[in-house]
2 protein chains.
Amino acid sequence: MQILIAEDDKSIANSLKKNFEGEGFHVTIVDNGQKALDIVEKLEFNIIILDWRMPVLNGIDTCKELKLRGIETPIILLTALSEISNKVEALNLGADDYITKPFSFEEVLARIKAVHRRYETSLNELFFENITLHLITHELETPKEKVKLPEKEFELLKYFIENKGSIITKDKLYKDVWNLQFTTTTNVVEATVKNLRKKLEELTSQKFIKTIYGEGYLFISD
Amino acid sequence: MQILIAEDDKSIANSLKKNFEGEGFHVTIVDNGQKALDIVEKLEFNIIILDWRMPVLNGIDTCKELKLRGIETPIILLTALSEISNKVEALNLGADDYITKPFSFEEVLARIKAVHRRYETSLNELFFENITLHLITHELETPKEKVKLPEKEFELLKYFIENKGSIITKDKLYKDVWNLQFTTTTNVVEATVKNLRKKLEELTSQKFIKTIYGEGYLFISD
DNA sequence: AAGAAATATGAAAAATTTTTCATTATTGTT
DNA sequence: AACAATAATGAAAAATTTTTCATATTTCTT
């Protein structure tokens with residue numbers, strides 16, 4: 001997760017950065033709104049955190065300008081308690097949330113995760129590494145190409161991404177994807193896994209679907 | 001749009017009601033949280049507005065209880081300015097927005113529309129009359145049954161609902177749904193319309209797809 | 001290393017969906 | 001009412017997807 005923080009108070013900025021990095025996030029700090037606008041043109045972020053008061057260009061105007069430019073990255077505003085009557089303004093400007101100082105890191109983290117989750121689901125896309133699964137059109141988008149997946153392959157891949165990183169047993173797939181009791185008389189799962197594997201590898205040159213012998217499948221980075 | 005207002009201050013409640021009805025919404029008023037819980041069990045609402053302070057059961061606890069019961073209807077809390085430090089609590093309780101008194105009706109209306117729109121798109125469903133089209137699973141839900149639509153029928157119905165009430169020419173369908181130049185050498189559109197019509201009529205006993213001779217199709221109430 | 005269990009695979013079969021085609025029905029115009 | 005244009009329909013053909021089956025490969029255990 002790439003986070004941009006625009007905050008002129010160095011102690012706050014560094015404290016946030018240290019904490020976020022402890023969470024495995026990547027943080028970029030700028031000290032005014034204009035610099036935030038500049039860097040957003042060049043790099044992609046998943047979340048933008050703007051301080052309300054900043055030199056050169058404050059958080060409100062930065063937020064307004066970002067939205068004007070069509071940037072859809074979720075924005076969180078940091079405000080002092082005294083400025084709180086402006087909350088309506090904040091949300092009207094297009095900010096997705098705001099946090100009043102002083103705040104605990106736990107609060108910031110919770111808000112960020114909530115906003116990001118909300119954003120992801122609003123997009124109707126599932127992300128994994130360099131692939132995107134479009135939930136409405138059932139298209140699989142890769143660096144190489146965008147293809148429409150047949151029904152079963154779509155459902156299987158969706159299930160894999162939703163359960164990435166943990167072992168998925170075959171009977172779970174029979175139950176959840178095929179709505180079948182687990183029977184030994186069929187091997188549709190293996191057959192469909194084969195086809196999905198082939199398609200994924202052709203498109204990404206990566207092997208996302210591992211098999212754990214005797215246990216099930218594991219969807220994970222190559 | 002069905003709105004439930006739980007507010008013990010009669011002047012506020014009635015003023016809201018009058019204004020909402022001017023907008024064509026249908027409003028139900030109750031004067032405490034317990035009554036709100038009771039009526040929500042019996043009737044369906046699109047938005048619930050809860051006053052923060054109320055006798056018997058206040059807005060916070062009502063909100064908490066509604067969420068506990070799995071009610072997903074968006075909730076907006078009304079709070080006095082002095083209670084504003086609890087905003088974090090409000091959002092954590094699962095309220096979708098909150099408005100501080102005193103408020104203008106315009107603000108309330110804007111918030112309601114925003115919350116409702118957010119809700120509808122977050123559901124990933126398209127509604128028309130008594131049918132629901134599930135955008136992720138491609139299922140058509142009717143009072144009688146829920147069936148999975150084949151790809152083309154799904155895309156066609158989605159297009160119809162998105163363009164309900166206005167004439168849809170055949171070349172628009174060829175272009176937007178089939179990605180084809182309009183050619184006279186095929187009649188896939190007619191064939192698919194036929195099948196969708198049959199399915200819709202079997203399931204709802206209604207005829208949603210009218211044909212406007214020489215112009216196109218019109219998706220509209222029977 | 002050999003055998004057994006589990007998984008993978010290519011190709012065929014079955015099922016479903018999409019499109020075409022020939023014909024019938026409907027609508028608007030004269 | 002008759003004609004021409006447009007739309008609807010049933011059935012067949014074509015294309016695609018899903019499942020099955022027989023066989024090959026891999027993995028684990030001894």
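Reminder, nothing fancy here: chain letters follow the sequence lines and each chain counts from 1.
In this structure, B/Gly214 and A/Ala191 both approach DNA chain D, and ranking their closest nucleotides by distance from the 5' end singles out B/Gly214.
Taken over five-pair windows at either terminus, the axes of the helix from C/dA1-D/dT30 to C/dT30-D/dA1 are inclined to one another by 30° (rounded to 10 degrees).
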Legend entry - side-chain contact (heavy atoms from CB on, under 4.5 Å) between B/Leu196 and B/Leu157, intermediate numbers included: CA-CA 8 Å; B/Leu196 183 57; B/Leu157 180 55; 3.9 Å; yes
Could you pull out the protein-nucleic contacts involving nucleotides 25-30 of chain D (nitrogen or oxygen on both sides, under 3.5 Å)?
from: D/dT27; atom 1: O2; to: A/Tyr213; atom 2: OH; distance (Å): 3.2

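Salt bridge status for B/Lys148 with A/Glu155: present, with a side-chain N to carboxylate O gap under 4.0 Å. Electrostatic pairing of A/Glu201 and A/Arg197 does not count as a salt bridge here, judged by no charged N lying under 4.0 Å from a carboxylate O.
The backbone N or O of A/Val193 lies less than 3.5 Å from no partner atom in the side chain of A/Lys198, so there is not a single donor-acceptor pair. Panel note: side chain B/Thr142, backbone B/Lys144; a donor-acceptor pair is recorded below 3.5 Å.
Taking the 5' to 3' direction, DNA chain C first and last meets chain A under 4.0 angstrom from a heavy atom at C/dA5 to C/dG10.
For the atom pair CD1 (B/Ile136) and NE2 (A/His134), the distance works out to 12.0 Å, reported to the nearest 0.5 Å. The CG atom of B/Asp51 sits 10.5 Å away from atom CD1 of B/Ile60, with the distance rounded to the nearest 0.5 Å.
Just one of B/Tyr217, B/Phe219, B/Phe160 meets the ring pair (Phe, Tyr, Trp, His ring centres under 6.0 Å) condition when paired with B/Phe208; it is B/Phe219.
For the residue pair A/Glu125 and A/Thr132, no side-chain donor N or O sits within less than 3.5 Å of a side-chain acceptor on the partner. Judged by distance alone, the side chains of A/Gln34 and A/Asp38 do bring a donor and an acceptor atom under 3.5 Å apart.
Computed from coordinates, the B/Asp171 CG to D/dT6 P distance equals 12 Å when rounded to whole Å. If you take OH of B/Tyr217 and P of D/dA7, they are 7 Å apart, rounded to a whole angstrom.
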